[in-house]
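Within every chain, numbering begins at 1; the chains are lettered A, B, ... in the order of the sequence lines, protein sequences first and strands thereafter.
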Protein chains: 2
Amino acid sequence: MPETTPRFDLIELLFFAYRDFTDDPDVLLNELGYGRAHHRVLHFVHRNPGIRVSDLLGILKITKQSLGRVLKQLVDEGYIEQQHGPLDRRERLLFTTDKGRLLAQQLSQLQTKRINKTIELMPPGSDEIVRQFLYLMIDENDRNDVVRLISQSTTKE
Amino acid sequence: MPETTPRFDLIELLFFAYRDFTDDPDVLLNELGYGRAHHRVLHFVHRNPGIRVSDLLGILKITKQSLGRVLKQLVDEGYIEQQHGPLDRRERLLFTTDKGRLLAQQLSQLQTKRINKTIELMPPGSDEIVRQFLYLMIDENDRNDVVRLISQSTTKE
DNA sequence: AAAATACGTCAGCTATGTTGACTTATATTG
DNA sequence: CAATATAAGTCAACATAGCTGACGTATTTT
């Protein structure tokens with residue numbers, strides 16, 4: 001006798017929705033020999049031009065060694081550039097190149113198309129409800145960071 | 001100049017929400033030496049008692065070899081049982097044991113708690129909007145299968 | 001009797017995560 | 001200024017969970 005009735009509907013909808021949501025970019029990435037790890041790195045660099053390596057590690061919650069592997073590939077193949085920090089030369093600030101920006105845009109466009117097709121079929125104001133739901137599903141401690149990330153990002157389109 | 005304005009807010013909220021949503025079970029699973037792959041197998045067997053191996057492969061969209069590895073562990077350690085199909089003895093129908101059922105319930109309870117805490121903070125009717133959103137985010141071809149899975153599952157609580 | 005199906009298994013590969021130890025360059029601090 | 005701390009990179013070794021390809025066994029279908 002469980003204390004709470006399980007929400008199998010939402011649990012399973014989240015599983016399948018997220019699977020298909022990430023599948024669109026995966027197809028394109030695989031053609032380039034990249035995986036989801038490259039996508040995440042490229043995405044957050046694109047969204048936070050000049051981000052420090054250690055801050056990127058904090059967002060992705062992976063180790064320096066894991067990041068290093070995919071970041072090196074993206075730099076070697078001209079998707080991401082590194083610059084010394086102007087105030088602290090130990091820092092290697094990360095920027096997308098034109099090539100990287102283009103790929104990041106293509107990838108987010110695939111995901112945006114799926115989102116827009118969905119929202120169009122729903123009553124007005126639904127996107128605000130969905131945003132609120134997803135926001136509240138995030139760990140309380142991390143919510144402020146996420147809001148800052150989303151609103152303060154300086155992506156140029 | 002992109003054709004559509006990117007929905008970075010929803011893209012990133014989905015990323016972080018899904019990350020934390022799966023993190024609750026991950027903590028418990030790691031203590032048992034299991035990973036997310038075991039969770040998925042246990043979950044769908046729990047929800048579809050007597051499911052055939054090939055149908056489970058269809059839901060998870062992984063290969064027989066990948067499934068075999070984790071399924072073998074779950075069977076060896078007494079979480080899942082196999083029975084010959086009554087009509088077709090080639091089939092090995094999958095069932096959770098009492099031990100498996102208990103673990104599956106604990107895992108879904110962790111996720112349900114996060115969902116309930118979220119829904120409680122939102123206006124009435126929000127869960128229906130969220131369900132609809134997630135449903136429409138699924139590939140059109142797969143939606144019927146998912147609905148059948150969710151409504152027709154015979155989980156006993 | 002032959003072919004197809006359901007499932008399992010062996011071998012080896014890839015992607016992406018992990019720990020631990022160490023180096024280099026640069027900044028901060030006593 | 002010398003010592004220490006920090007930012008980042010790298011080497012080596014390992015684990016998990018996906019993959020392909022090939023093959024075996026039991027059972028059902030044709």
Side-chain angles (χ1 to χ4, degrees), chain A residues 15 18-19 22-23 25-45 50-77 80-95, chain B residues 15 18-19 22-23 25-45 50-77 80-95:
Chain A
F15 171 73
Y18 194 77
R19 214 247 302 269
T22 52
D23 193 60
D26 282 354
V27 172
L28 175 52
L29 288 159
N30 285 341
E31 288 169 15
L32 301 171
Y34 290 140
R36 216 170 281 181
H38 302 85
H39 186 192
R40 290 198 281 264
V41 171
L42 182 64
H43 176 90
F44 286 110
V45 171
I51 191 174
R52 300 186 323 148
V53 168
S54 71
D55 289 337
L56 186 53
L57 288 175
I59 289 175
L60 299 175
K61 287 188 185 159
I62 58 175
T63 57
K64 188 169 53 159
Q65 295 87 331
S66 285
L67 173 61
R69 212 157 23 195
V70 300
L71 183 56
K72 193 174 188 309
Q73 289 177 271
L74 290 167
V75 169
D76 287 350
E77 296 170 43
I80 288 180
E81 276 177 345
Q82 292 170 302
Q83 288 177 23
H84 281 288
L87 299 176
D88 185 338
R89 279 184 51 84
R90 288 174 304 181
E91 298 171 349
R92 301 290 174 81
L93 308 185
L94 304 173
F95 300 86
Chain B
F15 172 73
Y18 194 77
R19 217 246 301 270
T22 52
D23 194 59
D26 283 352
V27 171
L28 174 53
L29 289 159
N30 285 341
E31 289 169 14
L32 301 171
Y34 290 141
R36 214 169 285 178
H38 302 86
H39 185 193
R40 290 198 281 264
V41 171
L42 182 64
H43 175 90
F44 285 111
V45 172
I51 191 174
R52 299 187 322 147
V53 169
S54 70
D55 288 337
L56 186 53
L57 288 174
I59 289 174
L60 299 175
K61 286 186 187 163
I62 59 175
T63 58
K64 187 169 52 160
Q65 295 87 333
S66 288
L67 173 61
R69 210 156 30 194
V70 300
L71 183 56
K72 192 174 189 311
Q73 288 178 269
L74 290 167
V75 169
D76 287 351
E77 296 170 41
I80 288 180
E81 276 177 344
Q82 291 171 303
Q83 289 176 23
H84 281 289
L87 299 176
D88 185 337
R89 280 183 51 83
R90 288 173 304 181
E91 297 171 350
R92 303 290 175 82
L93 308 187
L94 303 173
F95 299 86

*Does C:dG17 have OP1 or OP2 sitting under 4.0 Å from an N or O in the side chain of A:Arg40?*
yes

*What is the nucleic acid contact for B:Arg52, judged by heavy atoms within less than 4.0 Å: base, sugar-phosphate only, or nothing?*
sugar-phosphate

*When you list every nucleotide of DNA chain D with an atom under 4.0 Å from a heavy atom of chain B, which one comes first 5' to 3', and which comes last?*
D:dA17 to D:dT28

*Nucleic acid contacts - residues 53-65 of chain B versus DNA chain C, non-hydrogen atoms under 4.0 Å*: B:Val53, B:Ser54, B:Lys64, B:Gln65

*Compute the bend angle of the helix from C:dA1-D:dT30 to C:dG30-D:dC1 from the end axes (five pairs per end), rounded to 10°.*
20°

_Suppose we screen for side chain to side chain donor-acceptor pair (under 3.5 Å). Which residues come up paired with A:Arg19, at least two apart in sequence or across chains?_
none

_Atom-to-atom span, NE2 of A:His39 to P of C:dT16 - whole angstrom_ = 13 Å

*In whole angstroms, how far is the P atom of C:dT16 from the CZ atom of A:Arg36?*
10 Å

*asked:* Going by the rule ring-ring contact (aromatic ring centres under 6.0 Å, His included), which residues pair with A:His39 if we only count those two or more places apart in sequence or in a different chain?
replied: none

*asked:* Would you call the rings of B:Phe44 and A:Phe15 parallel, tilted or perpendicular, taking 30° and 60° as the class edges?
replied: tilted

*With heavy atoms under 4.0 Å as the rule, sort A:Gly68 into base, sugar-phosphate or nothing.*
nothing

*Give the B/S/- string for nucleotides 24-30 of chain C, one per nucleotide from 5' to 3', where a protein heavy atom under 4.0 Å of the base yields B, of only the sugar-phosphate yields S, and otherwise -.*
-BBS---

